[in-house]
Each structure stands twice: as structure tokens, then as C-alpha cells.
Number of protein chains: 2
Amino acid sequence: MIDHDGPTPLYVQVADAIEARIQAGDLLPNRPIPSENQLVQEYGIVRGTARKSIQLLRERRLVVTVVGRGTYVATPTDDQA
Amino acid sequence: MIDHDGPTPLYVQVADAIEARIQAGDLLPNRPIPSENQLVQEYGIVRGTARKSIQLLRERRLVVTVVGRGTYVATPTDDQA
DNA sequence: CACCATTTGTACGTATGTATC
DNA sequence: TGATACATACGTACAAATGGT
């Protein structure tokens, strides 16, 4: 699923994969996405890379992060940034 | 100048310091800010921290980065993002 | 053209702090 | 108290882009 040798950065590939899961309805609004450590397990990446993926999703305004809780699929309400 | 023990994250302190230098006219529009390695030297931080500072300045739209060249103080023209 | 220095980009690994439950 | 999860900061290595020699 993730190409560790291709030209596309891993953190972009992972962010795209999560975005696809959101669009597909696999991950629902107000529900948590996999934790950083879970992403590490699922995609065979290191935690720093998982964090960069989540940050990219935040910049795309697809997720919101709550310290100590986790990262959640954004809702239309979250767009008031 | 930088408090390595205080509650404010180093990368925020460094970004604020650079922003102050921009506001003071020490760093001019279309002119480069110190490179990541120079920031490492000047502030006694690690490169990852310097990068986070620059990223924060990009989010503030105070600078623009060109791969292989460096990071430059933004001009009003750059605001067309 | 090859080569090199500089600079930013990506990715790995590790440790400690803070917040929530 | 402890487990979980994100935040910060350190350190290292190599890749890619740029510009000059």
C-alpha cells in the first residue's frame, strides 16, 4: 500500500491513504483516526513520519488534533478557523 | 536571548526572534534569512528545531522558502497565496 | 561536461515533557 | 497511579535542488 522506494514522500503517501479512508467513509467525522503508534504499525513507518502525515492532514483541514486524546476527522464545524 | 529551560518552545522563541528582526528592518524583504545551519549556530539549537521555526514563519506568511537556495523575507507580492 | 559546496527535504532513531483518562 | 497520546527536542544520515568552479 505504501511504496518505500518510490519518489513520493512517505508522509504524503500516508496522508493520502488516510484521506482516502476518510472520503470512503471508513473514518467518520468526530471519530478518531489511528494513533501515531498505530500508524507506525500499519504503514511500517517511524513515528516522526506519522506525525508529519497528520500535520499535513491538519493543513488540509481534514482532521483536528486534541492533545492527550488523539486526532479526529474534522466536521464542518471545525472549519471556523 | 533564547531560554532553553522556559515553558515557551524553542522553535517558537526562535521564530519570534526572527520575526522581531524582520519587523526591526534587520532582515529585509526579498533578502535571505539565516540558513538552517546558521540558525543552529546562532541559537544553539538542532536543525530540526530550526526547521520548525522556519515552518512557523512560513505559516505566518513572513517568509518564503526556495529549495536549494534558502528562505527569504516575504514581500507583499507573496501574499497572493 | 564533471565536480563540489551550500541549502533545503526526507527519514530514521531516541528521550523527555505535557495532557487526558 | 498508571496507560495512552500528542508535543518538543535532541541527534544522524542521505537525497535533491541550486549555483558556482
Side-chain angles (χ1 to χ4, degrees), chain A residues 1-19 21-22 27-28 30-74 78 81, chain B residues 1-19 21-22 27-28 30-74 78 81:
Chain A
M1 193 190 292
I2 298 298
D3 180 10
H4 283 252
D5 300 313
T8 305
L10 292 180
Y11 76 95
V12 175
Q13 292 186 54
V14 173
D16 288 346
I18 298 173
E19 176 169 358
R21 290 170 66 177
I22 294 175
L27 299 172
L28 301 175
N30 261 326
R31 302 291 294 173
I33 70 172
S35 72
E36 293 176 353
N37 285 330
Q38 283 176 323
L39 293 178
V40 167
Q41 304 289 324
E42 293 178 20
Y43 293 103
I45 55 178
V46 90
R47 205 183 140 206
T49 303
R51 286 181 56 76
K52 292 195 65 172
S53 299
I54 294 174
Q55 178 187 20
L56 183 54
L57 291 170
R58 272 198 301 267
E59 292 171 357
R60 293 177 182 174
R61 301 201 179 285
L62 292 174
V63 300
V64 291
T65 296
V66 182
V67 181
R69 294 290 310 277
T71 297
Y72 299 79
V73 178
D78 296 322
Chain B
M1 194 190 290
I2 298 298
D3 180 9
H4 283 251
D5 300 313
T8 304
L10 292 180
Y11 76 94
V12 175
Q13 292 186 54
V14 172
D16 288 347
I18 297 172
E19 176 169 358
R21 290 170 66 177
I22 294 174
L27 298 172
L28 300 176
N30 261 325
R31 302 292 294 173
I33 70 171
S35 73
E36 294 174 355
N37 284 329
Q38 284 176 323
L39 293 178
V40 167
Q41 303 290 325
E42 294 178 20
Y43 293 104
I45 56 180
V46 90
R47 199 185 147 207
T49 303
R51 285 182 59 76
K52 290 202 65 173
S53 299
I54 293 174
Q55 179 187 20
L56 184 54
L57 291 171
R58 272 198 302 267
E59 291 171 358
R60 293 177 182 173
R61 302 201 178 286
L62 293 173
V63 300
V64 292
T65 296
V66 182
V67 180
R69 294 294 313 276
T71 297
Y72 298 79
V73 178
D78 297 322

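Per chain, numbering begins at 1; letters A, B, ... match sequence-line order. For clarity, every value in this text was computed on a predicted model and none was experimentally measured.
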Taking distance alone, no hydrogens or angles, what donor-acceptor pairs closer than 3.5 Å link side-chain atoms of residues 32-41 of chain B to residues at least two apart or in another chain?
{"unit_1": "S35(B)", "atom_1": "OG", "unit_2": "Q38(B)", "atom_2": "N", "d": "3.2"}
{"unit_1": "E36(B)", "atom_1": "OE1", "unit_2": "R47(B)", "atom_2": "NE", "d": "2.6"}
{"unit_1": "E36(B)", "atom_1": "OE1", "unit_2": "R47(B)", "atom_2": "NH2", "d": "2.9"}
{"unit_1": "E36(B)", "atom_1": "OE2", "unit_2": "R51(B)", "atom_2": "NH1", "d": "2.7"}
{"unit_1": "Q38(B)", "atom_1": "OE1", "unit_2": "S35(B)", "atom_2": "N", "d": "2.8"}

Inset, instruction - Please evaluate the base of dA7(D) for a donor-acceptor partner in the side chain of R47(A) within a cut-off of under 3.5 Å? - result: yes
Legend entry - Phosphate OP1/OP2 of dA11(C) contacted by Y11(A) side-chain N/O (<4.0 Å): no
Legend entry - N/O (side chain, K52(A)) to phosphate O (OP1/OP2, dT10(C)) under 4.0 Å: yes
Legend entry - Atom of M1(B), atom of Q13(B) and distance for their closest heavy-atom approach: O-OE1, 4.4 Å
Legend entry - N or O in side chain of R51(B) less than 4.0 angstrom from dG9(C) OP1/OP2: yes
Inset, instruction - Please work out if G48(A) contacts a base, only the sugar-phosphate, or nothing of the nucleic acid, heavy-atom cut-off 4.0 Å. - result: nothing
Inset, instruction - Determine: side-chain N/O of T49(B) to OP1/OP2 of dC10(D), distance under 4.0 Å, yes or no. - result: yes
Inset, instruction - Using a 4.0 Å heavy-atom cut-off across all strands, classify V67(A) as base, sugar-phosphate, or nothing. - result: sugar-phosphate
Inset, instruction - Measure from CG on D5(A) to C1' on dT10(C) and round the result to the nearest Å. - result: 14 Å
Legend entry - Atom pair distance, as rounded to whole Å: OH in Y72(A) and C1' in dT4(D): 11 Å
Legend entry - Rounded distance (Å) that lies between atom P of dG13(C) and atom CG of N37(A): 13 Å
Legend entry - Note, L56(A) side chain near V14(A) side chain (heavy atom, < 4.5 Å): no
Legend entry - Interatomic distance where CG belongs to L57(B) and P belongs to dT8(C) [whole Å]: 13 Å
Inset, instruction - Answer yes or no: is there an ion pair linking E59(A) with R58(B), defined by an N-O contact shorter than 4.0 Å? - result: no
Inset, instruction - Figure out the NE2/P separation between H4(B) and dG17(C), and round it to whole Å. - result: 16 Å
Inset, instruction - Give a yes/no answer on whether the side chain of R69(B) brings an N or O atom under 4.0 Å of OP1 or OP2 in dG19(D). - result: yes
Legend entry - d(CG, L56(B); C1', dA9(D)) in whole Å: 16 Å
Inset, instruction - Could you tell me the separation between the CG atom of L39(B) and the P atom of dA9(D), rounded to a whole number of Å? - result: 14 Å
Legend entry - Distance in angstrom units between I54(A) CD1 and dA7(D) C1', rounded: 12 Å
Inset, instruction - Grab the two heavy atoms, one from H4(B) and one from Y43(B), that are nearest each other, plus how far apart they are. - result: NE2-O, 3.4 Å
Inset, instruction - Kindly point out which of dT8(C), dC6(D), dC10(D) is positioned nearest to the side chain of E36(B)? - result: dT8(C)
Inset, instruction - Please tell me which of L10(A) and G68(A) maps to the more 5' nucleotide of DNA chain C, matching each residue to the nucleotide holding its nearest heavy atom. - result: L10(A)
